[in-house]
Number of protein chains: 2
Amino acid sequence: MELWFTEKHTPHVNFSIKVDKQLYSGQSEFQRIDVFESREFGRILALDGYLMLTEKDEFIYHEMITHVPMAVIPDAKKILIIGGGDGGTAREILRYKSVESIDLVDIDEEVAEVCKKYIPQTADSLNDPRVNCYFEDGLKYIRHHENEYDLIIVDSTDPFGPGEGLFTKEFYGNCFKALKETGIMVNQHESPFYPADAYAMQRAHKRIFDSFPISRIYQAHIPTYPSGHWLFGFASKIHHPILGANWKKWKALNIKTRYYNPKLHVGSFALPNYVEEIVREVE
Amino acid sequence: MELWFTEKHTPHVNFSIKVDKQLYSGQSEFQRIDVFESREFGRILALDGYLMLTEKDEFIYHEMITHVPMAVIPDAKKILIIGGGDGGTAREILRYKSVESIDLVDIDEEVAEVCKKYIPQTADSLNDPRVNCYFEDGLKYIRHHENEYDLIIVDSTDPFGPGEGLFTKEFYGNCFKALKETGIMVNQHESPFYPADAYAMQRAHKRIFDSFPISRIYQAHIPTYPSGHWLFGFASKIHHPILGANWKKWKALNIKTRYYNPKLHVGSFALPNYVEEIVREVE
């Protein structure tokens with residue numbers, strides 16, 4: 001017998017992983033949650049059939065969504081993670097001793113519970129006393145916070161289904177308001193390659209660009225995401241993502257990473273022309 | 001009816017593209033050659049079942065294997081392409097007016113003939129009077145050339161089957177000899193992500209590193225190649241791949257690219273830590 005997990009990257013492109021078995025399958029109030037065991041990627045989390053993380057390559061996504069902003073504000077104290085119920089983003093942020101508290105707001109408590117049981121590699125972080133989990137709608141949560149956070153990380157699912165509201169203008173505007181004067185917002189920003197993804201990415205960029213004085217895009221190689229070419233958004237009130245980096249302080253923290261490093265930080269903002277063109281169209 | 005082209009990226013990972021039809025299928029003396037028409041990627045060339053290029057994303061591979069070295073030696077005159085029978089690499093090199101001749105050595109004339117008929121987007125270049133095609137074994141060809149080329153581009157298939165010899169120490173040593181004093185060799189260098197690919201990449205790097213005084217690796221996002229994270233090798237006698245770039249001259253050439261640009265050139269040499277570690281192990 002062979003068991004394969006298949007994700008449609010587009011209606012014409014399938015990405016399939018041979019799995020040993022399905023460890024969990026359930027329907028929460030918000031989405032279907034599946035966990036698979038695989039030889040190539042270790043454990044795999046899928047939400048509504050979309051691959052969210054694998055044990056083998058989650059380090060790339062989680063390092064890139066956290067260390068890029070933290071190199072700019074390495075003494076950040078108060079962090080907000082919207083989404084991120086798998087705990088991977090919190091795990092990376094907890095490596096900074098300056099961090100006093102992480103508020104993690106995920107709409108779906110069951111994702112966190114399933115990950116705690118099946119993917120401790122990321123979800124163990126949720127048990128850390130510095131992490132406060134709020135299981136509610138991030139779109140609503142953010143409305144009631146002002147001048148509070150050093151860093152907001154929008155670690156959302158795709159811009160349809162439960163994650164849809166986290167790509168709206170209202171949401172980004174409220175993130176701006178919830179950030180301190182020196183605050184940074186980073187978000188997962190979809191992929192530029194397949195046309196439908198590129199359109200979603202362009203629309204998100206326009207909304208962030210309209211909400212923040214500084215708004216730039218950076219990229220990483222994430223093999224299990226559609227096209228493997230994944231983008232992140234860096235938005236801030238005053239900090240430039242490259243010139244603003246505090247390398248002396250960041251290096252002194254001696255944080256061991258497997259993907260991220262300062263040279264790659266700079267290089268990740270050098271986008272291909274075709275991506276620059278998609279982005280510039282709406283600036 | 002649905003027709004799908006599937007490539008096994010590993011025994012546990014399938015990448016599948018829905019195709020409208022098979023335009024060509026034949027067995028040459030060296031390999032099986034297939035051309036498909038697809039809605040997502042346009043025409044697709046596969047050799048022995050491995051995807052070699054698609055009309056949609058071949059620009060990434062071909063720009064990155066050519067403009068990176070040409071930015072360092074933008075007035076190169078005599079170029080050798082080993083492999084590259086689809087013509088995409090020759091097409092990019094022909095955009096430099098300084099280039100007087102391109103010797104293209106591919107073992108399989110049928111690949112070039114099939115591409116001329118079905119993929120003119122890349123193969124039209126082979127009809128250019130500056131391109132001299134030699135259909136023979138690149139491993140043998142290179143033995144009889146000395147101090148002749150400004151640039152050698154090893155645009156090979158994978159390190160098994162017909163392309164195997166193009167990853168040997170003897171071959172790289174002969175490339176060194178065939179280059180002028182200021183010469184550069186660039187090669188397609190496989191992917192770092194899946195263990196078997198990473199091993200092949202490491203082995204190739206060791207052999208190039210042992211043959212050339214300067215040997216560095218750079219990367220690109222190529223969505224239709226395994227993992228989407230693809231590497232290239234830059235080896236030279238005297239030129240540093242970044243400090244040696246002649247941006248003033250390159251920009252004056254006004255070559256319009258869709259992926260490559262000078263910032264990305266620099267950024268592409270900033271490798272993730274896990275890739276640096278694979279590479280450093282053999283240096």
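Quick note on labels: first sequence line is chain A, next is B, and so on, each numbered from 1.
- When heavy atoms are compared at a cutoff of 4.5 Å, Tyr260(A) approaches chain B solely by way of its backbone atoms N, CA, C and O.
- Ring planes of His229(B) and His221(A): parallel class, angle under 30° (limits at 30 and 60°).
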Begin with the C-alpha distance, continue with both residues' side-chain angles, and end with the deciding distance and a verdict on side chain to side chain contact (heavy atoms under 4.5 Å, CB included) for Tyr259(B) and Val275(A).
CA-CA 8 Å; Tyr259(B) 189 89; Val275(A) 182; over 6 Å; no

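- Contacts with chain B were tallied for Glu277(A), His9(A), Gln219(A); Gln219(A) has the most, counting heavy-atom pairs under 4.5 Å.
- Looking at Glu2(B), neither its backbone nor its side chain comes within 4.5 Å of chain A, counting heavy atoms on both sides.
- The minimum heavy-atom distance linking Glu40(A) with Thr10(B) is given by the pair OE1-OG1, 2.6 Å.
- Looking only at heavy-atom pairs under 4.5 Å with chain A, the residue among Gly267(B), Ser191(B), Pro223(B) that has the most is Pro223(B).
- Looking at Tyr225(A), there are no atoms closer than 4.5 Å to chain B (heavy atoms on both sides), in backbone or side chain.
- In this structure, chain B has no heavy atom under 4.5 Å from any part of Val266(A).
- No other option in Ser227(A), Gly228(A), Pro262(A) has as many heavy-atom pairs under 4.5 Å with chain B as Ser227(A).
- Looking at every heavy atom in both residues, Pro11(A) comes nearest to Trp4(B) through O-CH2, 3.9 Å.
- Contact annotation for residues 42-59 of chain A against chain B (heavy-atom separation below 4.5 Å, listed by residue number): Lys56(A), Asp57(A), Phe59(A).
- Counting heavy-atom pairs under 4.5 Å between each of Phe193(B), Phe15(B), Tyr274(B) and chain A puts Phe193(B) at the top.
- Summarising the local packing, NZ of Lys8(B) is surrounded by more than 12 heavy atoms from other residues, nucleotides or ligands at distances under 6.0 Å.
- Judged by distance alone, the side chain of Asn273(A) and the main-chain N or O of Thr257(B) form a donor-acceptor pair under 3.5 Å.
- Side chain of Asn261(A) to main chain of Leu271(B): a donor-acceptor pair is present (N/O by atom type, distance under 3.5 Å, no hydrogens or angles).
- For Glu63(A), no part sits under 4.5 Å from any heavy atom of chain B, backbone or side chain.
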